[in-house]
Amino acid sequence: MSPFWVVLGRVEGAVGAVLLDREGEELERLALDRSALPDWIASTEHEHGPRWVWNDAPAWYPALLERGIRVSRCHDLRLCRIILRTSALVDRDADVRVPSAWDAAATAMESAPTLFDFDAADGATLPDDLESAVAEFARQRDAIGTSTDPARLRLLVAAESAGALVAAELQAAGLPWSTAEHDRILTDILGARPAAGGVPAKMDAAARRVRGALGDPAASIDSQPKLLRALHRVGVQVESTSRWELAEQQHPVIEPLLEYKKLSRLHSANGWAWLAEWVRDERFRPVYVPGGVVTGRWASSGGGALQLPRQLRAAVRSDPGWRLIVADVAQLEPRVLAAMARDTALADAARGRDLYAGILETGAVDTRAEAKIAMLGAMYGATTGDSGRLVPRLRRTFPRAMALVDDAARVGEDGGVVSTWLGRTSPPPSDGWMQLQARATEADAADGEQTRARRWARDRGRFTRNFVVQGTAAEWALAWLADLRTRLSALPEVDDGSAAPRSGPAFARRPHLAFFLHDEIIVHAPESLAEEAAAAVREAADVAGRLLFGDFPIDFPLDLRIAESAEKT
DNA sequence: CCGAGCTGCGCG
DNA sequence: AAAGCGCGCAGCTCGG
């Protein structure tokens, strides 16, 4: 009988595997020498394609990828536990809620030990032995099975686990990056590359002009307090040195100062030092952190993958003979909101077109820009300014969608928790928050306490309001990634040596994911397969929508282009 | 000398 | 005009 699940973990001096059937009944148990493990995993994957159950994907998967072994499915115990132990869908008394060593590494483990090097794993806080993994897997299966909606949670943990595989593969493959183009952009904007520790020419020139306008040749520009005082001395009365406030001022120092700040930002965040540290073999390899954000979005650690600046997108360049498929979802969050709320009016406004143009057509607002500001305000909880003023108009036109986010806000203000579409639940309020709210309702509460309590309540309301939308959008994106990953892996490898990728693991010889950021993906594909890969990207988006929302009539149109660079047009 | 905290920027 | 969500990071200041 084919194993449906294979649980992996350390046993004395080796690696143990427990093969389970679909219902979790044990079929077989074996111990493998470390050196034999990769081949065994590869052949078992090939023959049975099981779900690999392991404590933490970064501890197992990168080493397999290095050996050219890719798996199609896994169950990541660490990530799934984080979801299940706090999900409102899971029974209050479920064993998975009982605190244990599995919670020690609730956040991503730094520099996880690899499976072929268990001796170095002594410092690891997450359990890595086979029996612990088997027991934890049973707890998690029980939590899902006895939950109020097993189907949704199964989908969520499968998507989350697929994300763990994708993250490891993204890091292994890397984003194709042209060092020469990056250097050209830097030289163009900043001036010639300085000697170590020096300031680039154009940045230095801007600094001199700032100091000239300040009448102080020694003025410090990089220190916010000193710069603020220097500005006050020449009569520029600003409260901060932020760009928007400076831009309002009329003074000769403003123009060069804003210029300096722009150049300085590029130089320090993505200058030559960044290039040397993060780009190797023409690949940018950020560290992705799946589930790193409370809402379920990914975070990143190192390399600043969440900030790939527009200025540098031209440096993202496909290898010779290859192409990039660059795709993002237009207005993902409001579409997700329409589907969650079963708001057919908003879905109609969204279908097959720019959602904001659709809102404009309903007459709820007067311009597309207003539609966008109003919708963002509704999802973020704006109360003032243009945004706050426009939200009530949306409330009249899309009452169901607005009721969903308004309800989420009210629950949060009252100290409750909210959940995404698939069942990821927001953290409860902190003890301090609860104490303040309790204190504010007492008869002798000071005005200041009541004011502060109300402010904290509204703050939390805006968080839960946004949580349901941002978190469900993250789930849609995971489903998109997971389905796309499978489709791409079914495309052929290039056999033409001239079109081989410059660098990367074996799986990168066929179309593969190269970048992911919230609602955008980049696929790197041989030119001959680019159209097929693009079709896969679109099909996966359709599948993700149906997977989450069934036959509710919402679509997720993509802005997609096939190009040699990721530059936004 | 190190780390926490703050400011400011840029990404979705 | 710069609010209303979620992040990471650089560079600075300041306290220990």
Side-chain angles (χ1 to χ4, degrees), chain A residues 108 220-229 238-249 257-258 260-271 273-274 277-278 286-313 328-334 336-337 369 372-391 394 405-406 408-409 412 418 420 424 426-427 455 458-474 476-477 515-521 559 566 568:
Chain A
S220 172
I221 312 176
D222 293 326
S223 160
Q224 191 263 0
K226 290 178 185 171
L227 175 61
L228 199 56
R229 283 195 294 274
V238 285
E239 288 181 19
S240 76
T241 61
S242 61
R243 200 183 49 195
W244 65 266
E245 195 178 352
L246 289 171
E248 293 171 347
Q249 304 291 319
L257 180 53
L258 294 180
Y260 176 84
K261 280 171 162 280
K262 202 174 79 187
L263 302 186
S264 169
R265 165 76 192 182
L266 176 62
H267 183 241
S268 66
N270 296 99
W274 180 92
E277 184 176 357
W278 290 102
V287 179
Y288 295 93
V289 185
V293 178
V294 279
T295 59
R297 272 187 174 182
W298 289 14
S300 75
S301 158
L306 270 64
Q307 312 168 244
L308 187 64
R310 290 183 78 96
Q311 273 177 311
L312 284 181
R313 291 185 70 103
D328 62 71
V329 197
Q331 306 103 26
L332 175 56
E333 291 188 355
V336 154
L337 172 57
K372 182 173 180 176
I373 289 172
M375 185 51 78
L376 291 176
M379 294 187 301
Y380 292 165
T383 53
T384 62
D386 287 349
S387 187
R389 185 170 53 75
L390 290 166
V391 171
L394 288 191
V405 285
D406 288 345
V418 296
T420 60
R424 191 188 304 263
S426 69
R455 191 174 72 240
R458 284 195 302 268
D459 287 350
R460 187 155 192 283
R462 286 194 302 276
F463 167 66
T464 51
R465 169 190 292 273
N466 188 250
F467 182 95
V468 294
V469 179
Q470 188 185 119
T472 303
W476 183 92
F515 189 70
F516 168 60
L517 182 57
H518 307 324
D519 65 353
E520 174 181 13
I521 59 102
D559 289 328
K568 297 236 173 170

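Chain letters run A, B, ... following the sequence lines, proteins first, then strands; residues in each count from 1.
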Out of C/dG8, C/dG11, C/dA3, minimum distance to the side chain of A/Ser300 belongs to C/dG8
A/Leu263 atom CG is separated from C/dA10 atom P, nearest whole Å, by 18 Å
Taken to the nearest whole Å, CZ/A/Phe463 to C1'/C/dC5 is 9 Å
inquiry  = Considering every strand and a 4.0 Å limit on heavy-atom distances, what is the contact class for A/Gly303: base, sugar-phosphate, or nothing?
reply    = sugar-phosphate
Of A/Glu248 and A/Trp274, the one whose closest nucleotide on DNA chain C sits nearer the 5' end is A/Glu248
Whole-Å distance, A/Arg389 CZ to C/dG4 P, equals 15 Å
Exactly one of A/Val336, A/Val469, A/Val468 clears side chain to side chain contact (heavy atoms under 4.5 Å, CB included) with A/Met379, and that residue is A/Val469
Here the distance between atom C1' of C/dA2 and atom CG of A/Asp386, to the nearest Å, is 10 Å
In Watson-Crick or G-U wobble terms, with both distances under 3.5 Å, the base opposite C/dC7 is B/dG10
A/Phe467 atom CZ is separated from C/dC7 atom C1', nearest whole Å, by 15 Å
Q: For residues A/Tyr260 and A/Asp222, determine if any side-chain heavy atom of one lies less than 4.5 Å from a side-chain heavy atom of the other.
A: yes
Residue A/Lys261 excluded, over 12 heavy atoms near NZ under 6.0 Å | yes
Between A/Ser223 and A/Trp278, the residue closer to the 5' end of DNA chain C by nearest nucleotide is A/Trp278
All heavy atoms of A/Arg465 vs all of A/Tyr380, minimum pair found to be CD-C, 3.8 Å
Per-nucleotide protein contact along nucleotides 5-12 of chain B, 5' to 3', at a 4.0 Å heavy-atom cut-off (B base, S sugar-phosphate only, - neither), is --SBBBBB
note: A/Arg462, atom CZ; C/dG6, atom C1'; distance rounded to Å ~ 13 Å
Open item on the list: Mind checking if A/Thr383 touches a base, just sugar-phosphate, or nothing, with heavy atoms under 4.0 Å?
Closed with: sugar-phosphate
note: A/Met379, atom CE; C/dA3, atom P; distance rounded to Å ~ 18 Å
All N/O donor-acceptor pairs, side-chain side in residues 239-248 of chain A, below 3.5 Å, sequence neighbours left out:
from	atom 1	to	atom 2	distance (Å)
A/Ser240	OG	A/Ser242	N	3.2
A/Ser240	OG	A/Ser242	OG	2.9
A/Ser240	OG	A/Glu245	OE1	2.8
A/Ser242	OG	A/Trp244	NE1	3.1
A/Glu245	OE1	A/Ser240	N	3.1
A/Glu245	OE2	A/Glu239	N	2.8

Verify, without hydrogens or angle tests, whether A/Ser301 (side chain) and A/Val287 (backbone) share a donor-acceptor contact under 3.5 angstrom.
-> no
Exercise. Short question: side chain of A/Thr472, backbone of A/Thr420 - any donor-acceptor pair under 3.5 Å?
Worked result: no
